[in-house]
Amino acid sequence: METINYDIITIGGGLGGAALAKVMAESGARMLVLESEPQFKDRVRGEVMVSWGVAEAQELGIYEIMKSAGGREIELEERVAGQSGEANKPAHRHLSSTTIPGLPKLTFYHPEMQEAVLQAASNAGATVHRGVRVRGLESDGGPKIIATVDGAEQEFTARLIVGADGRSSGTRKWGGFEVLKHQAKTFCAGILFDGMDSPDDSSQNYRAFDNGLTALLFPQGKRRVRAYLCYPQAWGMRLSGSNDLRRFVDWCIDAGAPAEYYEDVTPVGTLASFDSSLTWVEHPYRDNIALIGDAAGATDPIWGQGVSLTLRDARVLRDQLLGHKDWDKAGHAYAEEHDKYFTVCKTVQIWFEQLLVETGPEADARRELALPLWREDATRRVDTFSSGPDHSIDESVRQRFFGEE
Ligand SMILES: Cc1cc2nc3c(=O)[nH]c(=O)nc-3n(C[C@H](O)[C@H](O)[C@H](O)COP(=O)(O)OP(=O)(O)OC[C@H]3O[C@@H](n4cnc5c(N)ncnc54)[C@H](O)[C@@H]3O)c2cc1C
């Protein structure tokens with residue numbers, strides 16, 4: 001069997017693996033990407049990249065590529081929250097003038113972006129094998145992959161293997177990483193609609209405190225909209241396929257979304273639901289194997305952090321690899337940084353969940369205390385979701401968030 005050696009192999013060529021392959025190939029590294037999908041299809045994934053993710057995409061030199069591949073800049077955000085059935089007042093936000101990066105968000109169709117960024121990696125000189133599913137790692141004298149490419153078994157070795165293989169990462173398991181979990185109380189369901197009459201220039205967020213429902217709308221242009229719904233796991237249903245579509249729409253309306261938006265919609269792709277639990281690995285590097293993107297840490301999709309985190313991982317790992325001759329040191333330095341910013345994302349997400357998503361008397365009491373204070377002083381609402389995870393989360397920040405000081 002032929003053995004081919006590379007500097008870096010990424011297992012997975014989604015946004016994380018492809019972005020890393022592009023920037024490292026540009027820096028002269030011999031890159032191989034092994035991607036199981038011959039062609040990307042809709043699997044209900046991130047279709048909004050928040051402002052701090054836009055900054056990461058710019059740093060990686062993929063932002064213009066993403067815009068050319070159909071990404072749309074969205075400057076306005078509209079949020080409506082309160083008790084269901086009441087006329088709750090919308091809050092509007094202009095992103096470029098109110099976020100630390102001073103940038104809009106970007107909406108897009110995920111499979112199109114994956115194709116575009118993976119093509120950019122190939123254009124930069126990375127070798128990309130599609131339709132190749134990696135089934136294990138051998139670690140005899142350094143990590144080694146045996147995979148079938150064009151019908152022939154081949155052995156691949158590298159200085160560094162990067163697991164960029166998503167939420168159910170095999171690399172994580174083969175590398176012996178322990179997966180930690182914060183169990184969510186919600187599922188996140190998503191579907192793409194055509195023919196939706198919602199605003200085309202702003203994202204929409206509707207939340208009902210009494211029933212625990214959140215509906216989100218991200219316009220992709222020409223009345224095509226990615227619609228998400230966050231609903232309690234306690235209801236015992238996993239919305240999926242066309243039979244559950246009516247229920248999906250009804251629950252979006254129960255979250256406060258205007259019924260007329262959904263009147264003439266046509267589904268594109270399938271309806272699918274995901275457990276919103278956080279899963280992550282502490283220190284996502286060991287023995288020449290690094291994890292990035294969802295493989296290193298997946299957050300609750302409802303807060304829209306996944307793509308941005310994935311791009312930050314690619315950028316931080318690149319910076320460390322370019323900054324160290326010893327890639328083992330680079331891997332550990334990446335993992336230490338990852339732990340810091342992922343901890344901020346995770347902690348703030350759990351605060352928001354306790355304050356805005358949980359139902360019942362204790363959660364109502366938390367809201368009664370905090371939300372009037374937020375209306376007086378918006379800086380209490382920690383802005384990591386749009387502005388990024390370079391934020392203190394010490395006890396005084398937590399107390400101001402909950403209005404407990
Ligand atoms: C319902 C839902 C909604 C979301 N909404 C948002 C949002 O609005 N905004 C946001 O920022 N994030 C969102 N996310 C999260 C976001 O989609 C992810 O964080 C992001 O796509 C992770 O990118 P990745 O490259 O790490 O993984 P993935 O996109 O999962 O890519 C992994 C790649 O690895 C390949 N692969 C897997 N195993 C193997 C193998 N053994 N061999 C070869 N290839 C393999 C897969 O085919 C895939 O292409 C959402 C997620 C979900 C589930």
Side-chain angles (χ1 to χ4, degrees), residues 9-21 32-54 56-57 74 105-111 113-115 117-118 128-137 145 147-149 161-174 184 186-192 203 205 216-218 220 226-230 239-240 269-280 284 291-314 345 385-386:
I9 301 173
T10 76
I11 302 176
L15 290 180
L20 181 74
L32 172 66
V33 180
L34 298 172
E35 167 54 52
S36 60
E37 295 288 325
Q39 195 180 356
F40 293 115
K41 49 186 185 293
D42 180 20
R43 292 187 304 140
V44 188
R45 286 287 183 271
E47 299 204 331
V48 60
M49 185 165 73
V50 288
S51 304
W52 71 273
V54 168
E56 295 293 350
I74 299 282
K105 56 170 79 164
L106 193 80
T107 62
F108 51 82
Y109 181 49
H110 199 98
M113 274 323 116
Q114 288 179 301
E115 294 294 350
V117 181
L118 193 51
V128 178
H129 291 316
R130 304 288 299 262
V132 176
R133 171 156 281 276
V134 176
R135 302 203 179 272
L137 271 182
I145 295 168
T148 308
V149 179
I161 304 268
V162 176
D165 47 352
R167 297 161 68 84
S168 18
S169 165
T171 315
R172 206 163 54 187
K173 190 171 67 194
W174 308 322
T186 51
F187 287 124
C188 179
I191 187 159
L192 195 59
S203 64
N205 180 330
L216 299 163
L217 298 174
F218 297 109
Q220 297 189 354
R226 171 63 72 179
Y228 295 115
L229 169 76
C230 173
L239 297 181
S240 161
T270 47
L271 170 67
S273 310
F274 298 84
D275 180 0
S276 300
S277 295
L278 281 141
T279 50
W280 73 98
L291 303 173
I292 64 169
D294 278 7
T299 49
D300 179 348
I302 211 73
W303 309 114
Q305 300 294 288
V307 170
S308 304
L309 268 168
T310 297
L311 296 187
R312 173 165 286 207
D313 291 355
C345 283
F385 292 155
S386 291

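Indexing begins at 1, ligand by ligand and atom by atom, following the structure's order. Being a predicted model, the structure only gives us computed values, none of them experimental.
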>> Please list, in number order, the atoms of ligand 1 under 4.0 Å from a heavy atom of Gln305.
In response: 11 (O)

> Backbone or side chain, does any N or O of Glu35 fall under 3.5 Å from an N or O of ligand 1?
Replying inline: yes

> For ligand 1, which atoms sit closer than 4.0 Å to a heavy atom of Tyr228?
Replying inline: 3 (C), 4 (C), 5 (N), 8 (O)

> Taking the non-hydrogen atoms of Met49, is any one of them nearer than 4.0 angstrom to ligand 1?
Replying inline: no

> Can you list the atoms of ligand 1 that are under 4.0 Å from a heavy atom of Gly304?
Replying inline: 7 (C), 9 (N), 10 (C), 11 (O)

>> To check your reading of the model: name the closest protein heavy atom to atom 21 (O) of ligand 1, its residue, and the distance in Å.
In response: His110 CE1, 3.3 Å

> Does the N or O separation between Ser36 and ligand 1 drop below 3.5 Å for any pair?
Replying inline: yes

> Going by the atom numbers of ligand 1, which of them fall below 4.0 Å from some non-hydrogen atom of Val44?
Replying inline: 1 (C), 2 (C), 52 (C), 53 (C)

>> Can you confirm, on distance only, whether ligand 1 has an N/O atom lying under 3.5 Å from any N/O atom belonging to Ala295?
In response: no

> Would you say Gly190 touches ligand 1, if touching means a heavy atom closer than 4.0 Å?
Replying inline: no

>> On a heavy-atom basis, which atom in Gly53 and which in Leu311 lie closest, and how many Å separate them?
In response: O-CD1, 4.1 Å

>> Looking only at protein heavy atoms, which one is nearest to atom 41 (N) of ligand 1, and what is the separation?
In response: Val134 O, 2.9 Å

> Is there a nitrogen or oxygen of Trp174 sitting under 3.5 Å from a nitrogen or oxygen of ligand 1?
Replying inline: no

> With side chains defined as the heavy atoms from C-beta onward, is the minimum distance between Arg226 and Val44 less than 4.5 Å?
Replying inline: yes

> Do side-chain atoms of Arg130 reach the backbone of Glu35 as a donor and acceptor pair under 3.5 angstrom?
Replying inline: no

> For ligand 1, which atoms have a heavy atom of Glu47 less than 4.0 angstrom away?
Replying inline: 7 (C), 8 (O)

>> Check whether Ser273 reaches the backbone of Cys188 with its side chain - one donor and one acceptor, N or O, closer than 3.5 Å.
In response: no

>> Please find the pair of heavy atoms, one from Trp174 and one from Val134, that lie closest to each other, and give the distance.
In response: CH2-O, 3.2 Å

> Looking at atom 7 (C) of ligand 1, what's its closest protein heavy atom, distance included?
Replying inline: Gly46 CA, 3.4 Å

>> Starting from atom 27 (O) of ligand 1, what is the nearest protein heavy atom, named by residue and atom, and what distance separates them?
In response: Gly166 CA, 3.6 Å

> Which of the listed options, Arg133, Arg226, Arg45, holds the heavy atom that is closest to atom 53 (C) of ligand 1?
Replying inline: Arg45

> Which ligand 1 atoms does Gly293 reach within 4.0 Å, using its non-hydrogen atoms?
Replying inline: 26 (O)

> Looking only at heavy atoms, what is the nearest atom pair of Val33 and Ala21, with distance?
Replying inline: CG2-CB, 3.5 Å

> Do you know the tightest heavy-atom contact between Ala164 and Ile292?
Replying inline: CB-CG1, 3.8 Å

>> List ligand 1 atoms under 4.0 Å from Ala164, heavy atoms only on the residue side.
In response: 32 (C), 33 (C), 34 (O)

> If every non-hydrogen atom of Leu291 is compared with every non-hydrogen atom of Ser169, which pair is closest and at what distance?
Replying inline: CD2-OG, 4.5 Å

> Closest non-hydrogen protein atom to atom 24 (P) of ligand 1, residue and atom name please, with distance?
Replying inline: Thr310 CG2, 4.1 Å

> Should Arg45 and Leu15 count as side-chain neighbours, where that means a heavy-atom distance under 4.5 Å?
Replying inline: no

> Judged by atom type as modelled, is there a donor-acceptor pair below 3.5 Å linking the side chain of Ser276 to the main-chain atoms of Thr186?
Replying inline: yes

> Can you find an N/O atom of Ile11 closer than 3.5 Å to an N/O atom of ligand 1?
Replying inline: no

> Which atoms of ligand 1 are found less than 4.0 Å from any heavy atom of Glu37?
Replying inline: 47 (O)

> What residue and atom, counting heavy atoms only, is the protein's closest point to atom 31 (O) of ligand 1, and at what distance?
Replying inline: Gly14 CA, 3.7 Å

>> Tell me if a side-chain donor or acceptor on Ser386 pairs with a main-chain N or O of Ser51 at a distance below 3.5 Å.
In response: no

> Just heavy atoms, cut-off under 4.0 Å: does Leu34 contact ligand 1 by side chain, backbone, both, or neither?
Replying inline: backbone

>> As a quick check of understanding, evaluate salt bridge (Lys or Arg N to Asp or Glu O under 4.0 Å) for Lys173 and Asp165, giving each step before the final call.
In response: CA-CA 11 Å; Lys173 190 171 67 194; Asp165 47 352; over 6 Å; no

> How far apart are the closest heavy atoms of Asp42 and Gly269, and which atoms are they?
Replying inline: OD2-CA, 4.1 Å

> Who passes side-chain contact (heavy atoms from CB on, under 4.5 Å) against Ser203, sequence neighbours left out?
Replying inline: Glu77, Lys105, Phe218

> Is the shortest N/O to N/O distance between Phe218 and ligand 1 below 3.5 Å?
Replying inline: no

> What part of Thr171 sits under 4.0 Å from ligand 1 if we count only heavy atoms: the side chain, the backbone, both or neither?
Replying inline: neither

>> Quick one, Glu47 and Met113 - any side-chain contact, counting heavy atoms below 4.5 Å?
In response: no

> Quick one: side-chain contact (heavy atoms from CB on, under 4.5 Å) partners of Ser308, sequence neighbours excluded?
Replying inline: Met49, Val50, Trp52

> Can any side-chain N or O of Gln220 pair as donor or acceptor with the backbone N or O of Phe108 at less than 3.5 Å?
Replying inline: yes

>> Between ligand 1 and Arg43, can you find any atom pair, the residue atom being a heavy atom, that is separated by under 4.0 Å?
In response: yes

> Nearest protein heavy-atom contact for atom 29 (O) of ligand 1: which residue, which atom, what distance?
Replying inline: Gln114 NE2, 3.8 Å

>> Does any part of the side chain of Thr10, heavy atoms only, come nearer than 4.5 Å to the side chain of Leu34, both counted from C-beta?
In response: no

> Taking atom 10 (C) of ligand 1 as the point of reference, which of Thr107, Leu309, Val307 owns the nearest heavy atom?
Replying inline: Val307

> Which of the listed options, Thr10, Leu229, Asp294, Val132, holds the heavy atom that is closest to atom 43 (C) of ligand 1?
Replying inline: Val132

> Below 4.0 angstrom, N of the basic side chain to O of the carboxylate: do Arg167 and Asp275 qualify?
Replying inline: no

>> Is there a polar contact, in the sense of an N or O pair closer than 3.5 Å, between Phe40 and ligand 1?
In response: no

> Identify the closest protein heavy atom to atom 38 (N) of ligand 1: which residue and atom is it, and at what distance?
Replying inline: Asp165 CB, 3.5 Å

> What do you reckon, does Phe274 have a nitrogen or oxygen under 3.5 Å from a nitrogen or oxygen of ligand 1?
Replying inline: no

> Are any of the N or O atoms of Gly16 closer than 3.5 Å to those of ligand 1?
Replying inline: yes

> Where on Ala189 is there a heavy atom closer than 4.0 Å to ligand 1, on the side chain, on the backbone, on both, or on neither?
Replying inline: neither

